[in-house]
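Worksheet: one structure, shown below.
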Amino acid sequence: RKEFVDLYVNYMLNESIRKPFKDFMQGFLRGCPSESWKMFLPVELQVVLLGHTNYDWRLLEKCVRYIDYEESHQTIKNFWTVFHELPEEKKKMFLAFLKGCDRIPPFGLEYFQFFIQDPKWENPDNSYPSACTCDHTFFLPR
C-alpha cells in the first residue's frame, strides 16, 4: 500500500504535470532568462515579483501628493480619519483600488508616491471617488 501511495503521489505531483510545466518553463525562460533570477534568494524573488506585505499606513499618508487640494483641507482630513479607522482588509482593498494590487512595491512604501486629486466635477455630491491605477491617482470629490 505504501508503494502504491508513493507512486500515486509522485504521478499526481510530478509526472502528470511534467509536460505542461516544461512548456511553461520554456516560455517563461524565453522572456526572463534564468541568469537574472539566480542572484535572488527565494524570499527576495517573491518580494521582487509580488511586493511587500509589511504595511505602514502612516507612511502611506506621508507619501501622498495633493493636486488641487491642500493637506489641511477638510475633505483630506476626513478621508485620512476614515481611512485609519478601516480594518486592515479594507485598507488593502483601497491599495488595490488605487494601484491594481494590494501589495506594497518591492522598493518600499517610502518611495511609493500616489496622488489625491480634486476632479473638480460640477456636482461632487453626486459623484463617487475613482482612481487611475496607471499613475496612482485617487480622484476624491470635495
Side-chain angles (χ1 to χ4, degrees), residues 2 4-142:
K2 182 183 179 334
F4 173 78
V5 169
D6 289 344
L7 289 171
Y8 183 75
V9 167
N10 182 53
Y11 175 77
M12 293 304 288
L13 298 179
N14 297 314
E15 299 302 323
S16 68
I17 63 166
R18 188 174 309 281
K19 172 78 169 101
F21 182 77
K22 181 181 174 202
D23 294 341
F24 166 78
M25 184 61 94
Q26 186 177 13
F28 181 81
L29 292 177
R30 191 175 309 143
C32 303
S34 62
E35 306 85 53
S36 304
W37 304 109
K38 289 180 181 178
M39 67 180 170
F40 294 107
L41 295 171
V43 70
E44 293 170 330
L45 185 58
Q46 181 180 4
V47 169
V48 167
L49 295 175
L50 300 176
H52 290 284
T53 56
N54 303 341
Y55 301 95
D56 180 352
W57 301 113
R58 296 287 173 187
L59 185 56
L60 180 71
E61 183 179 355
K62 291 177 183 172
C63 295
V64 70
R65 300 291 175 256
Y66 300 101
I67 301 172
D68 300 321
Y69 270 123
E70 295 296 323
E71 190 174 353
S72 59
H73 192 278
Q74 191 59 46
T75 302
I76 298 299
K77 288 180 182 178
N78 292 345
F79 170 76
W80 286 114
T81 299
V82 169
F83 179 82
H84 289 300
E85 291 175 359
L86 291 173
E88 190 75 8
E89 262 325 290
K90 296 284 185 181
K91 290 177 184 175
K92 290 179 190 177
M93 289 172 71
F94 172 76
L95 199 56
F97 178 70
L98 175 66
K99 62 186 270 313
C101 174
D102 69 349
R103 297 273 186 132
I104 295 168
F107 44 83
L109 255 185
E110 57 270 13
Y111 299 105
F112 174 69
Q113 184 174 358
F114 80 97
F115 305 92
I116 294 180
Q117 181 173 352
D118 180 1
K120 296 188 177 182
W121 290 321
E122 269 187 44
N123 194 352
D125 289 337
N126 293 336
S127 305
Y128 293 108
S130 60
C132 179
T133 57
C134 297
D135 59 2
H136 306 137
T137 301
F138 179 57
F139 298 102
L140 182 64
R142 291 180 184 260

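Quick caveat: nothing in here was measured; it's all calculated off a predicted structure.
- Counting non-hydrogen atoms of other residues, nucleotides and ligands closer than 6.0 Å to CD of Q74 gives a total above 12.
- Checking L60, L86, D102 one by one against K91, the side chain to side chain contact (heavy atoms under 4.5 Å, CB included) holds for a single residue, L86.
- If you look at H136 and F112, their ring centroids are closer than 6.0 Å.
- F40 CZ: more than 12 foreign heavy atoms inside a 6.0 Å radius.
- Around CD of E70, the count of heavy atoms belonging to other residues, nucleotides or ligands within 6.0 Å does not exceed 12.
- Two residues are said to be in side-chain contact when any heavy atoms from C-beta on lie closer than 4.5 Å; V5 and V9 meet this criterion.
- In plain terms, the two heavy atoms of R103 and Y55 that are nearest each other are CA-OH, 4.1 Å.
- The two residues F139 and C132 come nearest to each other via the heavy atoms CE1-CB, 4.0 Å.
- Contact record, P141 with P129: CD-CA, 3.9 Å, taken as the closest heavy-atom pair.
- The CZ atom of F97 sits 9.5 Å away from atom OG1 of T133, with the distance rounded to the nearest 0.5 Å.
- Side-chain atoms of V64 and F79, non-hydrogen and from C-beta on, never get closer than 4.5 Å to each other.
- The two atoms that bring K77 and S72 nearest to each other are CE-O, 3.3 Å, heavy atoms only.
- For the atom pair Y111 OH and I104 CD1, the distance stands at 14.5 Å (nearest 0.5 Å).
- Judged purely by atom type and a 3.5 angstrom limit, Y69 uses its side chain to pair as donor or acceptor with the backbone of L140.
- A distance of 10.0 Å separates NZ in K2 from CG in L7, rounded to the nearest 0.5 Å.
- To the nearest 0.5 Å, the span separating CZ on F138 from OH on Y66 amounts to 11.0 Å.
- Atoms CD1 and CZ, on I17 and F24 in that order, are 11.5 Å from each other to the nearest 0.5 Å.
- Crowding of E71 atom CD: a count of heavy atoms from other residues, nucleotides or ligands under 6.0 Å not exceeding 12.
- Scanning both residues, P124 and R142, for their nearest heavy atoms gives CB-O, 3.6 Å.
- Going from atom CD1 of I116 over to atom CZ of R65 covers 11.5 Å, rounded to the nearest 0.5 Å.
- The heavy-atom pair separating E15 from R18 by the smallest distance is OE2-NH2, 2.7 Å.
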